[in-house]
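Written out below as structure tokens is the structure these notes cover.
These values consider heavy atoms only, across backbone and side chains, with no hydrogens, waters or symmetry-generated copies. Only a predicted model underlies this, so the values are computations on that prediction, with no experimental measurement involved. In this chain, residues are counted from 1 in sequence order. In each ligand, atom 1 is the first atom listed, and ligand 1 is the first ligand listed.
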Amino acid sequence: MYYKSTRDKSLNVTSAQAIAQGISADGGLFIPSEIPQISMEELRALADMRYDERANVVFGKFLTDFTPEEIAYCTSNAYNTKNFETENIAELTGAFGDAQILELWHGPTCAFKDMALQILPYLLTTSLKKNGEDKKVVILVATSGDTGKAALEGFKDVPGTEIMVFYPDHGVSSMQKRQMATQEGGNVAVCALEGNFDDCQNGVKKIFTDAAVKEKLAAAGRMFSSANSINWGRLAPQIVYYVSAYAEMAKRGDIAFGDTINVVVPTGNFGNILAAYYAKNMGVPIGKLICASNVNKVLTDFINTGVYDRNRDFYATCSPSMDILISSNLERLLFLLTDGDDAQIRDWFGKLSKDGRYEVTGDVLAKLQSDFVGGFCDDADTKKTIRDFKEKYGYTCDTHTAVAVKVYLDYLGQTGDTTRTLIASTASPYKFSASVLEAIEGTQSGADEYAQVAHLAEVSGLPVPASLAALKDKPVRFSEVIAKEDMESYVLKSMGIDG
Ligand SMILES: *Cc1c(COP(=O)(O)O)cnc(C)c1O
């Protein structure tokens, strides 16, 4: 197996090259040349394995240039109880009606991004070694909240790496700020920026592509790399939990091996749901893939009409990690649905960057709709769903998961499709305590974040994740706020290189 680019199918690189490079030089995304298959017999065998062993099986099919020892080194360092609060790594709930919830937030930052960012540093450093690269890698991240913390926790004290995260000083929640400002590790730096998220992102991009900075880094034995969500090293780990969840459901008798399940995913950048599509095409019996959006419903409209149009108002919602108008990973799906028509992809994504809009052909729309259903939910319904679901089942979900639950219930009402359904839960309710409490109690509380966490513990009966509880007593290590113009000198200074 090799990897090609969605914008140049003649490209031919190994998975180690794809992971080290992150994005293809032509602007396309790396994509495996074929989708490997998993048999029902293999799925049965997974049932008796630990999560990291299941991951070895799935990675073995995609990262064919890695040795089994290299893969096991990565999975065992990532998926263990030092990093996750549960031995199962991803936790499957019992049934709520015809649905079960897959909790993907038992990692160190309480959001599903840990599932990929706990292993990415190992995949990346192993890839660099395989490529004969002996420089230390420097990861630069611009974040609006969740990704930065998950990347910091993933790369913290990983040998051969350094990580620097920039966030907008007034653009993240107080819990998110505290999570980053107290970050531990000898190879980390965190810096707030006077500006918004776009300023952070532009600044990082500029430093990445600055030849003079690159030279200074090389002279100091270092090179830049990326932990961006379009890196194949972030997508592959997400396929694992869908394959694993199917085996787990069958093992527990929730379904029989061979039964079809539907999957619902609260979606932003389309990475998580694309991983479920890969699992389906590997042979995991998955029927419908239900793509749930908040009011930034560009994907719902796309699935229903075939028109992708980002020219619309942007809304800040109570499910902020899904406030996205450009879903990058959709490019990989369209490459697959057009049977690898790279010219067509270049045309559509050229139009997207020029006009903010493209429309797919009728046959592609038909294929899209045979696998995907799109739905959306506004903030009022998100909060009502949190309250109703808790009342009916005693289960407290976060705002992102609630969007998925509501879209699933709408789908169920419209179709009567009682296929057993897996709902991906992407964040702990504690990560969004204020909104979750407001949903349950009907009023906004002015209390500070820890009072709210304590109150949510009473109301929900859920244990407070140790990593969030511990933040309260951790000293602030990073309080620097800089101007956009000073990002480059900050980066160089952090590495001990003279500007
Ligand atoms: C990132 C994120 C999402 C969106 O996932 P995508 O893979 O970008 O679609 C949903 N929920 C939470 C809590 C997230 O952090």
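By the criterion of a heavy-atom distance under 4.0 Å, the side chain of M322, and not its backbone, is placed next to ligand 1. Residue F270 touches ligand 1 through its backbone alone, judged by heavy-atom distances below 4.0 Å. Contacts between D146 and ligand 1, counted as non-hydrogen atom pairs separated by less than 4.0 Å, involve the side chain only.
Ranking protein heavy atoms by distance to atom 14 (C) of ligand 1, first place goes to K113 NZ, 2.9 Å.
Here's the thing with H400: none of its N/O atoms is less than 3.5 angstrom from an N/O atom of ligand 1. By the 3.5 Å distance cut-off applied to N or O atoms, T267 is not counted among the residues near ligand 1. For ligand 1, the polar-atom distance check against P266 finds no nitrogen or oxygen pair separated by under 3.5 Å.
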Test log, rule side-chain hydrogen bond (donor to acceptor under 3.5 Å, both in side chains), inputs Q176 and K431: CA-CA 8 Å; Q176 286 172 322; K431 196 143 191 190; over 6 Å; no
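Residues Y79 and Y51 bring their aromatic ring centres within 6.0 Å. Checked against a 6.0 Å centroid threshold, the rings of H400 and F432 count as neighbours.
Between the side chains of N80 and D52, no donor-acceptor pair of N or O atoms lies under 3.5 Å.
Residue-ligand proximity, N272 to ligand 1, at heavy-atom distances under 4.0 Å covers atoms 7 (O). In summary, the atoms of ligand 1 found under 4.0 Å from a heavy atom of G271, numbered by their order in the structure, are 6 (P), 7 (O), 9 (O).
Between the K113 side chain and the T147 main chain, no donor and acceptor come within less than 3.5 Å of each other.
Residues satisfying the side chain to side chain donor-acceptor pair (under 3.5 Å) criterion with K351, sequence neighbours excluded, are D347.
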